[in-house]
Structures are given as C-alpha cells and as structure tokens.
Q: 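Dumping the structure here so I can ask a few things about it.
Letters go in sequence order (proteins before strands), and every chain restarts at 1. Just so you know, these numbers come straight off a predicted model, no measurement behind them. These values consider heavy atoms only, across backbone and side chains, with no hydrogens, waters or symmetry-generated copies.
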Amino acid sequence: MANISLTRILLAEDDIDIQFIAKMALESVGEFTVQVCSSGKEALDKIPEFKPELILMDVMMPGMDGLTTFQELKKIEEFKSVPVVFLTAKVQTKEIEIYKEIGGIDVILKPFDPMTLTETIQNIWSKYLSLKNTPHL
Amino acid sequence: MKKKTTGKKLKQRLDDLIPIPSRKIIKADNEGYVMIKASVLSEINKIEERLIESEEKFRNIASNALDAIIMIDNDGNINYWNKAAETIFGYKSDDIYGKNLHEILTPPEFHDAQKKAFLKFQKTGEGDAIGKLLELSALKKDGTRFPIELNLSAVKIKNKWNSIGILRDITNRKQVEQMKNEFISIVNHELRTPLTSLRGSLGLIMGGVTGQLSEKTRQLLEIALKNTDRLIRLINDILDIEKIESGTMKFKLKPIEIVPLIEQTLEADKGYADKWNVKFILQEKVKAKINVDRDRLIQVITNLLSNAAKFSPSGEDIIISVTRQNKFIRVSVKDKGPGINKNFKKKIFSKFAQADSSDTRRQEGTGLGLSISKAIIEKMDGTIDFESQEGEGSTFFFTLPEYIEPGLVCYETDDGIICKPHILICESNQDIARFLSLILKEKDFVTDIALNAYNAKMLLSQNKYAAMTLDINLPDQDGISFIHEIRKNKETSDLPIVVVSVLDKPDTNEIKENTLRIVEWLTKPIDENRLIKALKCAINKTIHQKLRIIHIEDDKDIISLVSSLVKDMADIIPVSTRQEAQEKINQENFDLMILDLKLPDGNGAELVPLLKKSRNKFIPIIVFSAYNVSQNISQEVNSVLIKSNISNETLRDTIISLIDKNSQKE
C-alpha cells in the first residue's frame with residue numbers, strides 16, 4: 001500500500017483564472033493529469049468518467065457550494081471514498097476545522113504559491129496514504 | 001413589674017439608637033423618660049431629611065437608568081425591579097416582586113447550572129459570575145429569547161447575601177457584530193480571489209514554467225511578485241488584528257514546554273537569519289511549561305526574530321534567553337541594531353507605526369506585527385515590552401505565567417524550582433495519619449491531613465490534589481459513599497484514590513468491577529512500598545506526561561532530526577539494534593514506534609509481529625525507511641514514510657495524527 005503515486009486530480013473552481021493557473025502548475029510541475037470544472041454540478045457529472053484519485057474542491061462556488069457537492073459525492077457508492085482537499089480563501093480557524101471535521105483530508109488556503117502547490121499536494125497525499133492504513137492486529 | 005432603667009443605661013441605649021452625644025442629654029429618669037436639648041431635635045430632623053434625600057436620589061437614578069437594575073434576596077427572589085427592567089422584560093414590578101429570578105428570566109437549559117452556582121453564592125457571596133461582564137441569554141415575558149450583557153455584584157443585607165444585577169439588551173449590538181463579521185468575510189474572500197490569480201501567474205512565470213526570461217523582465221517580475229506577497233501579508237495581518245480586537249480569534253491553550261518550542265521556532269525561522277546574515281543563539285534556558293496556543297506563540301516569536309534580524313547589522317548574533325522570574329517565564333530577543341528612537345518608543349506597539357519609512361528594510365514589514373504580537377500575548381495573560389538604547393540595540397521580551405501542573409506543589413530553592421505531588425491523607429486515626437504523612441514526606445510528597453469526611457471535602461474544594469489515601473471507616477461518613485460523592489463531582493471525578501483500611505475489600509459487585517476506580521485497596525498494617533508504588537503509578541497516569549516514542553534507527557542524524565521535530569510533545573527513546581529494541585519493548589510502555597528496516601543486526605521488519613505479541617495495548621507503527629517497502633510489511637503497519645520523499649512537516653503531522661487517532665480509540 002505504500003507509495004501509490006497520485007496521477008489524476010479533479011479541480012472544482014469557479015474562477016477561470018485560478019482554474020488556468022492551478023492546472024498549469026499541477027501539470028507542468030507535478031505532471032498530474034488535471035480535469036477542471038466550474039461548478040459543483042459539473043464536478044459530479046465529470047467524476048464518473050474521469051475517475052479522479054484526488055479532488056481539489058473550492059468551497060465557494062455559485063449554485064452548489066463545495067460542502068454541498070462534497071456531501072452529494074458521499075452518497076455515490078463508487079466515489080464516496082475519494083479524498084477531497086478543500087480550497088478556501090477563508091482564514092477563520094473554526095471554519096477550517098469544519099472542513100476537516102466534515103471529512104476533507106486537508107485544506108489549502110488561497111492565495112497559494114503555484115510552484116509549491118505540487119509539493120503541498122504530494123505531502124497531503126503521503127499523509128493520506130499513511131493514515132488510511134489500518135492493519136488488523 | 002417594670003424594669004428599672006437607670007439613667008446611665010438609658011444614655012447608653014440612646015447612643016446606640018441615635019448618634020447624639022450624651023452631653024446633650026439633660027436628664028434621664030427611672031420611668032424611661034429622657035429630657036434632651038431642643039437642638040437635638042433639629043439634628044434628628046436633619047438626619048431624617050438626609051435619609052429621604054438619599055432614598056430619592058437612588059430612586060431617581062434607578063428609575064431613569066436605561067439599564068435594568070434588579071436585586072434578588074438570599075432565596076433568589078426578586079426584591080427590586082426598576083423601570084428599565086419593566087421595559088426590557090415586559091414584567092411590571094408588581095407582577096414580578098417575590099418571584100424566583102432564575103425560574104422566570106433564564107432559558108430552561110441553564111437552570112441546573114445556575115441553581116448550582118446560586119447555592120454557592122447563597123452561602124459565600126462568591127461566584128464565577130460576580131464582578132464580571134457576562135453575555136447571556138434571557139427570556140422576555142412574551143417568551144422571546146434575547147442576548148443580554150450583565151454585571152453582577154454581591155451585597156450583604158442583614159447578614160445574608162443578596163445580589164444586584166445591572167443588565168442591558170444587546171440584541172442590536174449583536175446584530176451589528178454579525179453584519180460586520182459577514183462583511184469582513186466577504187471582503188476577505190473578494191480580496192483573496194484576484195490575489196490568487198495574481199500571485200499564481202507571477203509565480204508560474206518566475207518559476208520558469210513558461211520558459212527563459214530576459215534579465216530586465218525577470219527583475220520587473222520580481223518586484224511585482226515581491227509586492228504581491230507583501231499585499232497578501234498585509235491582508236493576513238489586517239484580518240488577524242480584526243479577529244483579535246473583535247474577540248473572534250480562537251486560542252487553543254495547552255500546557256507546553258517553552259524551550260523545545262523556541263528551539264523549533266529558531267530552526268523554522270532559520271531563513272530569516274540566513275537572509276539577513278545573522279545568527280540566532282539561544283543563550284539561557286529554563287525547564288518550564290506555559291499554557292499557550294502553540295501556533296500563536298510561534299507567530300509572536302517569529303515576529304520578534306524577524307524584526308531583530310531585519311535591524312541587526314550583518315554578521316551579528318541575536319541572543320534569545322528564556323528565564324524564570326517569580327511565577328513568570330520571560331523570553332527575550334536581543335539585537336545589536338540601531339536601537340529605537342526616544343520619540344518613537346511610545347508608538348512602537350501601535351498599528352502601522354514604522355520608525356523611518358525611508359529605510360528599505362522597513363518595506364518588508366506590514367507595520368502590524370508588534371501590534372498583533374502584543375494582542376496575542378495579552379490574550380494569553382502575558383505582557384510584552386522592550387528596552388532600547390539608541391545606537392546600542394534593543395531587547396524585546398514577553399512574559400507569560402508559568403504553568404504548574406495541578407496536583408503539584410512547587411517552591412523555589414537555591415537550585416531552582418522543585419515540584420512535589422500533593423497528596424490528601426484522609427484517616428480517622430491521628431497517629432496513623434501522622435505516620436502516613438511521614439512516609440510520604442520522605443518520598444518527596446507534600447501531604448495534607450483530614451481526620452473526617454467533612455474536612456476532607458473542605459480541603460478537596462480548596463486544593464487540587466494529585467491523589468488521596470482514604471480510610472473507609474470515617475467517623476462521619478461511610479468511605480464507599482464518600483467515594484461515590486467524589487466521583488460525582490466534576491472537579492474530583494478523576495482523582496486517584498488509594499484505600500487504606502483495616503477491613504478487607506468487600507465482595508460487592510461494585511468493588512469487583514471497580515466502578516469506583518479505586519487504584520488499590522491496602523489493608524492495615526500498611527505495606528509502605530506498596531502504598532508508594534500505588535500512588536506513584538496513579539499519579540503518572542494523570543499528570544500530563546509527555547508521549548513516549550521508541551525510534552529504532554541506527555543513523556544518529558535521523559534520530560536527531562525526528563527528535564527535534566517532536567520534542568515539544570514527546571520524548572524519543574532511541575535504540576540502534578534489533579536486540580535492544582526487543583528488550584525495551586518488553587520492559588517499557590510506548591505511545592508510538594518509528595522503525596527503520598535496515599538495522600545492523602538484522603531486518604527491522606521482523607520486530608513488527610513481535611510487537612503485536614508482547615503487548616495488549618495497540619501501538620501505532622511508522623516505518624521510516626530509505627527504501628521502498630514490500631506490501632507484506634506495509635499492510636502490517638500504520639504508515640510507511642520514505643525518507644527522501646517526506647517533508648519534515650508531514651512527518652510531524654503524521655506522528656501527531658496517528659497518536660491522536662490511537663488515543664481516541666482508547
């Protein structure tokens with residue numbers, strides 16, 4: 001179970017500039033395959049065919065917001081355990097804790113540095129893999 | 001038969017009743033009649049007038065006040081209700097006089113807690129709510145719930161405690177606060193969104209993703225990026241200040257050891273030191289704990305360090321000291337910079353104060369750092385200040401109260417502070433009590449003695465003990481029922497109890513299943529060693545002990561690295577061979593194991609099944625290895641981290657998460 005590499009990331013973000021930058025950063029630095037979408041609904045539509053290993057979800061989106069989309073995702077048997085990292089401009093600590101309590105594996109704050117975004121995501125992924133492991137003793 | 005009242009006694013009685021000097025009494029006879037000078041009458045009149053005036057004054061103040069003024073008697077019933085109270089709550093004073101305040105005005109879910117607090121107040125006139133400004137929920141006559149701000153004070157009338165409450169309806173204020181918070185949240189988001197794209201674009205170009213840049217292009221972009229970062233820091237700082245001032249910044253206070261925290265911060269801030277070509281040197285240390293929000297304290301220390309680094313001449317050292325001053329811990333950062341100008345000294349902690357904005361070094365800062373640091377330190381009950389001589393440098397320092405484990409008694413000696421566990425000996429026989437006290441004192445405990453349950457309860461309410469010994473045969477209460485009471489009380493529900501009794505353990509279910517959580521039942525004559533052992537064992541479990549991590553690794557640098565990452569919250573016990581590891585695992589308890597697979601005496605992986613066999617307790621295992629790990633092994637452990645792949649922060653995070661998860665299971 002060690003060292004599963006991350007390859008496919010889905011990014012749900014309504015600001016198209018941030019979409020563009022994040023996609024470029026992750027594809028050129030991290031060499032990930034990145035699928036972008038602009039709304040919660042679009043994300044739910046695209047997930048079954050793209051089958052992401054990790055989802056970057058913006059919290060504030062028009063229509064269905066990030067948290068609602070996350071809860072809808074949990075209802076889908078096949079994809080309910082795909083790890084989700086929330087993207088937010090909010091800096092209130094208690095709001096960040098809510099995202100983690102609800103089931104997000106981590107939170108990335110905006111603005112982020114695109115050059116270190118890849119490293120951040122890889123670290124989140126490593127930690128996610130290690131905590132997922134619950135051996136039978 | 002009428003009692004004769006002599007003239008002398010009558011004069012005495014008059015003195016008691018009316019402050020009239022006895023020289024103004026002309027005659028006093030045996031019938032109880034007194035002749036006084038007429039001038040005394042006018043004095044009595046004056047006193048009466050003053051009384052009426054004073055009562056009217058009070059009545060005017062109370063009636064015209066916009067705040068509700070309410071008074072309750074020793075039974076909790078309302079005996080004063082001013083006009084404002086009528087307006088705010090909707091009850092006329094005639095309707096509400098004599099009724100119980102808590103039952104009528106407070107929401108039902110708070111009744112229990114308030115009854116408890118009021119019981120204490122009835123007897124003592126004291127309470128957590130007295131003398132403070134509180135925000136609470138209250139109920140109007142029509143049933144609406146609304147927020148109030150309340151100030152309570154205690155007054156003794158005819159030897160009984162009464163309470164006066166002054167309160168105001170803050171519904172409007174709360175609404176305004178909420179609107180402001182929503183506004184700030186929106187502004188924050190609106191500012192950060194375009195900044196993300198700005199930062200992002202510049203970052204990608206500067207990172208070379210779009211190809212080679214000409215020198216001039218690179219220079220201009222560097223300016224753009226630098227200032228974008230500055231803008232971001234500014235927004236973060238402004239948000240921090242707003243959070244602190246509005247009271248919405250949440251502090252998670254935990255007792256932590258100060259020196260490891262400082263060492264970790266110095267390491268993390270090495271970038272500043274390198275950038276300005278200075279060295280951070282921790283010169284004085286002291287072993288102490290403080291009750292703080294770790295991240296916020298790091299923010300303050302980083303602020304002081306970055307300021308010192310910025311203003312230090314190149315090549316100089318910055319001296320950091322941690323010292324104990326009475327009951328406070330002082331952390332100071334000393335630089336050899338230009339010092340602070342006399343005129344500027346008063347403004348240094350205020351917002352956006354920058355001594356000399358022409359200096360390019362100041363452009364780095366936001367001007368809010370010290371203001372934020374001051375607010376943070378003060379919120380944690382500390383003080384922050386500085387000493388500076390122009391031309392000689394500055395020393396910035398903060399002090400915070402030292403955290404003493406509850407259950408310990410500490411005092412200063414020539415060698416520093418010594419702390420000993422505080423034990424309550426509850427024993428009906430005085431000789432035995434003294435004997436127990438002596439044995440315990442010899443083993444470095446501090447003892448209090450209670451000869452009955454009543455005294456024990458009093459001492460328990462006044463002090464926090466690390467443990468107690470209990471004689472079951474107390475004169476005024478059965479020991480078992482006493483333990484029930486102790487367990488029911490939140491303050492003492494986890495107090496370790498060692499029973500010292502003439503009788504053997506009774507054969508009841510409750511003893512067999514140890515629902516009372518008695519640590520040990522010792523029968524007299526007392527085995528001293530067993531007693532000491534039981535107490536020490538019980539105390540170790542309750543007093544905040546650092547976590548113990550066994551690190552099985554032969555590379556000393558790795559041990560040192562991991563140790564420095566977690567030293568504020570755990571002790572690393574290093575072992576370098578499989579043999580040593582096996583022995584240690586069998587002898588001692590650990591909270592986590594970090595394992596390298598390549599050990600000088602064999603494969604570390606073979607320890608894993610051994611660990612599972614030897615202990616009932618489940619210990620999380622992290623394999624921290626230089627090479628990829630086979631599936632067999634990774635399935636058996638909680639986490640596999642590869643040395644080259646992992647950042648320090650992620651390593652520390654994983655360790656913390658695993659220990660947290662494990663302790664939640666227990």
Q: So, using ring-ring contact (aromatic ring centres under 6.0 Å, His included) as the criterion, who are the partners of B:Y272 when residues are at least two apart?
A: none

Q: Quick one: which of A:V29, A:T88, A:D113 has the most heavy-atom pairs under 4.5 Å with chain B, could you say?
A: A:D113

Q: Do you see a donor-acceptor pair shorter than 3.5 Å between the side chains of A:D15 and B:T193?
A: no

Q: Please, which pairs that meet ring-ring contact (aromatic ring centres under 6.0 Å, His included) have at least one residue in residues 16-51 of chain A, sequence neighbours excluded?
A: none

Q: Which atoms of A:E97 come close to chain B, meaning under 4.5 Å heavy atom to heavy atom: side chain ones, backbone ones, both, or neither?
A: side chain

Q: What option among B:L239, B:I622, B:D240, B:D653 has the most heavy-atom pairs under 4.5 Å with chain A?
A: B:D653

Q: So, does B:R218 use its side chain to make a donor-acceptor pair with the main chain of B:L213 at under 3.5 Å?
A: no

Q: I'd like to know if the side chain of B:N188 reaches the main chain of A:A89, judged simply by a donor and an acceptor atom lying under 3.5 Å from each other, with no hydrogens or angles considered.
A: yes

Q: Using heavy-atom distances under 4.5 Å, tell me whether B:I232 contacts chain A through its side chain, its backbone, both, or neither.
A: side chain

Q: Against chain A, label B:L195 side chain, backbone, both or neither, depending on which of its atoms sit under 4.5 Å from a heavy atom there.
A: both

